[in-house]
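Down below is the structure, laid out as structure tokens.
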Amino acid sequence: MDLSLPKFRSRLLAWLCRSRPGPMIFMKRFPYKDIKRATDSFHRIMYSNSHIVVYKARFQDGGVALVKEIRDYSQAEHVFYREMQLLGRLHHRHLLALRGFSTGNKRLLVFDNIERGSLKEHLNDPLRTPLNWRTRRQIAVGVVAALEYLLLFNEPPMFHVSISSSNIMLDENFNAKLSDIGLQSSGENYVTVPHNSCPKDCMGQECGNIMFQLGVLILELITGQSSENGGADLVQWIRESRFSSSIDNMIDPDLGNSYDSRELKSLLAVAKLCVKSGDKPTTSILHILRYLQKKLDISRD
């Protein structure tokens, strides 16, 4: 049967929306004392905000993991376990996989190992080997691919996503792994925004903030600059009418001349579109992913 891509995609999404949740996911329960020891009594903090604290854990067997503390301990216990169940069902090569949980004085989620730490460490630490251009564009495409999965191929869609260089982890091959998804990104009582049907292209208000964060992240990858204060300086730069004339001055010096100028322009075009979207995106994550796959010629990697 010859189906056009739009028709095939709409039918696939409709099937996903009708599908029932999978079976109960049974997660490993880590002894609280092991987590406490692995995080040096919860002193190995990677990043934090008003809703979560994220630690780096080193276990006695040599394993490394990311441990996330849910700060709102007053929330109902069933909400925490519902969060764990939904996160446990997510499977994508650009998402940090949930491995288990622990409870005690804190409610903790234990995620996959993080061999190379966060993207922010690689962009800001002068002692680390700079990321080359190929790796940076690979990270950008990986993040967009993860967003497509979360927003378009989950029921309900996972709109509570935080994107920043601090919470994007890198595996041994420098593949990007989103780590801040669900309740801990929002501070609300539920993991996702309930929908009666899947969004066609995710172009509503829920996606506006996600798109903005994506644009800032791409600017970080290009400039090597931190996005503190919401990336205000980077956003102001790309919104300037004459920003094109200052591109050479803004590119990360660690890249030197080792980048593809056409690919750079494509990434900047996406970043500019994202940061000006606001609450009303003018394009979709799906379109951005297809555009980047075409313009960055990912097939050659």
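At a threshold of 4.5 Å between non-hydrogen side-chain atoms, the residues Ile35 and Lys106 do not count as touching. Counting only heavy atoms from C-beta outward, the side chains of Val161 and Asp180 never approach each other to under 4.5 Å. You'll find the side chain of Ser164 stays beyond 4.5 Å of the side chain of Ile168, heavy atoms only. In this structure, Phe212 and Cys274 have side chains that are not in contact, with every pair of non-hydrogen atoms separated by 4.5 Å or more. Between Val54 and Val67 the shortest side-chain heavy-atom distance does not fall below 4.5 Å. The side-chain heavy atoms of Leu268 and Lys272, taken from C-beta on, include no pair separated by under 4.5 Å. Looking at heavy atoms from C-beta onward, Ile251 lies out of side-chain contact with Thr223 at the 4.5 angstrom threshold. The side-chain heavy atoms of Ile163 and Leu147, taken from C-beta on, include a pair separated by under 4.5 Å.
Connection of Val64 to Val53 is not established within any shared hydrophobic cluster, with ILVMFWY side chains joined at heavy-atom distances below 4.5 Å, either directly or through further cluster members. The hydrophobic cluster containing Ile114 also contains Phe101, counting ILVMFWY residues as joined when their side-chain heavy atoms lie under 4.5 angstrom apart, directly or transitively. Hydrophobic clustering of Ile, Leu, Val, Met, Phe, Trp and Tyr side chains at less than 4.5 Å, counting indirect connections, keeps Leu108 apart from Leu86. Placement of Ile52 and Phe42 in two distinct hydrophobic clusters is found when ILVMFWY residues are connected by side-chain heavy-atom separations under 4.5 Å, directly or transitively. Linking ILVMFWY side-chain heavy atoms closer than 4.5 Å, directly or via other members, places Val110 and Met46 in two distinct hydrophobic clusters.
Within the structure, no pair that satisfies the salt bridge (Lys or Arg N to Asp or Glu O under 4.0 Å) test touches residues 38-64, not counting sequence neighbours.
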When you look at Gln225 and Leu234, which way does the side-chain contact (heavy atoms from CB on, under 4.5 Å) test go after all the steps?
CA-CA 8 Å; Gln225 296 183 24; Leu234 295 176; 3.6 Å; yes
Leu90/Leu150 under side-chain contact (heavy atoms from CB on, under 4.5 Å): CA gap, chis, key distance, verdict:
CA-CA 8 Å; Leu90 300 177; Leu150 291 170; 4.0 Å; yes
Kindly determine whether Leu264 and Trp133 satisfy side-chain contact (heavy atoms from CB on, under 4.5 Å), including the steps that lead there.
CA-CA 9 Å; Leu264 172 65; Trp133 179 251; 4.0 Å; yes
Given Ser118 and Glu121, is the side chain to side chain donor-acceptor pair (under 3.5 Å) satisfied, shown in steps?
CA-CA 5 Å; Ser118 70; Glu121 292 176 274; 3.2 Å; yes
Under the side-chain contact (heavy atoms from CB on, under 4.5 Å) criterion, do Met84 and Leu109 qualify, and how do the steps go?
CA-CA 8 Å; Met84 184 179 66; Leu109 296 173; 4.3 Å; yes
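Nearest heavy-atom pair across Asp171 and Arg116 is O-CD, 3.2 Å. Across every non-hydrogen atom of Glu69 and Tyr55, the tightest pair is OE1-OH, 2.5 Å. Residues Ala140 and Leu267 approach most closely at CB-CD2, 4.1 Å, considering heavy atoms. The shortest heavy-atom contact between Tyr259 and Asp248 is OH-OD1, 4.0 Å. Residues Gly88 and Leu98 share a closest heavy-atom pair of N-CD2, 3.9 Å. What you find for Ser165 and Leu123 is that their closest heavy atoms are CB-CD1, 4.4 Å.
The backbone N or O of Phe174 sits less than 3.5 Å from a side-chain atom of Gln138, completing a donor-acceptor pair. One N or O on the side chain of Arg137 and one on the backbone of Leu296 form a donor-acceptor pair closer than 3.5 Å. The closest donor-acceptor contact from the side chain of Arg136 to the backbone of Leu131 lies under 3.5 Å. Not a single donor-acceptor pair under 3.5 Å links the side chain of Arg99 to the backbone N or O of Asp112. Using a distance-only test at 3.5 Å, with no hydrogens or angles considered, no donor-acceptor pair links the side chain of Arg93 to the main chain of Gly142. Side-chain atoms of His94 do not come within 3.5 Å of backbone N or O of Val143 as any donor-acceptor pair.
We find the OG-OH distance between Ser102 and Tyr32 to be 7.5 Å, quoted to the nearest 0.5 Å. One finds the NE2 atom of His287 at 13.0 Å from the CG atom of Leu292 (value rounded to the nearest 0.5 Å). Note that the CG atom of Leu255 and the CG atom of Leu221 stand 9.5 Å from one another [nearest 0.5 Å]. Separation of atoms OH (Tyr291) and OG (Ser284) is listed at 14.0 Å; rounding is to 0.5 Å. To the nearest 0.5 angstrom, Thr103 atom OG1 is 13.0 Å from Phe30 atom CZ. Atom NZ of Lys295 sits about 11.5 Å away from atom NZ of Lys265, to the nearest 0.5 Å.
Asn113 is linked by a side-chain contact (heavy atoms from CB on, under 4.5 Å) to Glu115, counting only residues two or more places apart in sequence or in another chain. With sequence neighbours excluded, no residue forms a side chain to side chain donor-acceptor pair (under 3.5 Å) with His92. Applying the side-chain contact (heavy atoms from CB on, under 4.5 Å) test to Arg262 and every residue at least two apart in sequence or in another chain returns Asp260. Scanning for side-chain contact (heavy atoms from CB on, under 4.5 Å) contacts around Ser41 gives Lys36, His43, with sequence neighbours left out. For Arg37, the side-chain contact (heavy atoms from CB on, under 4.5 Å) partners are Asp34, Gln60, not counting sequence neighbours.
A donor-acceptor contact under 3.5 angstrom links the side chains of Thr135 and Asn132, judged on distance only. Under 3.5 Å, the side chains of Asn167 and Ser179 contain no donor-acceptor pair of N or O atoms.
Under a cut-off of 6.0 angstrom, the local environment of CG in Asn173 is crowded, with over 12 non-hydrogen atoms contributed by other residues, nucleotides or ligands.
Taking the ring axis of Phe111 as reference, the NZ or CZ atom of Lys68 stays within 45° of it and closer than 6.0 Å to the ring centre.
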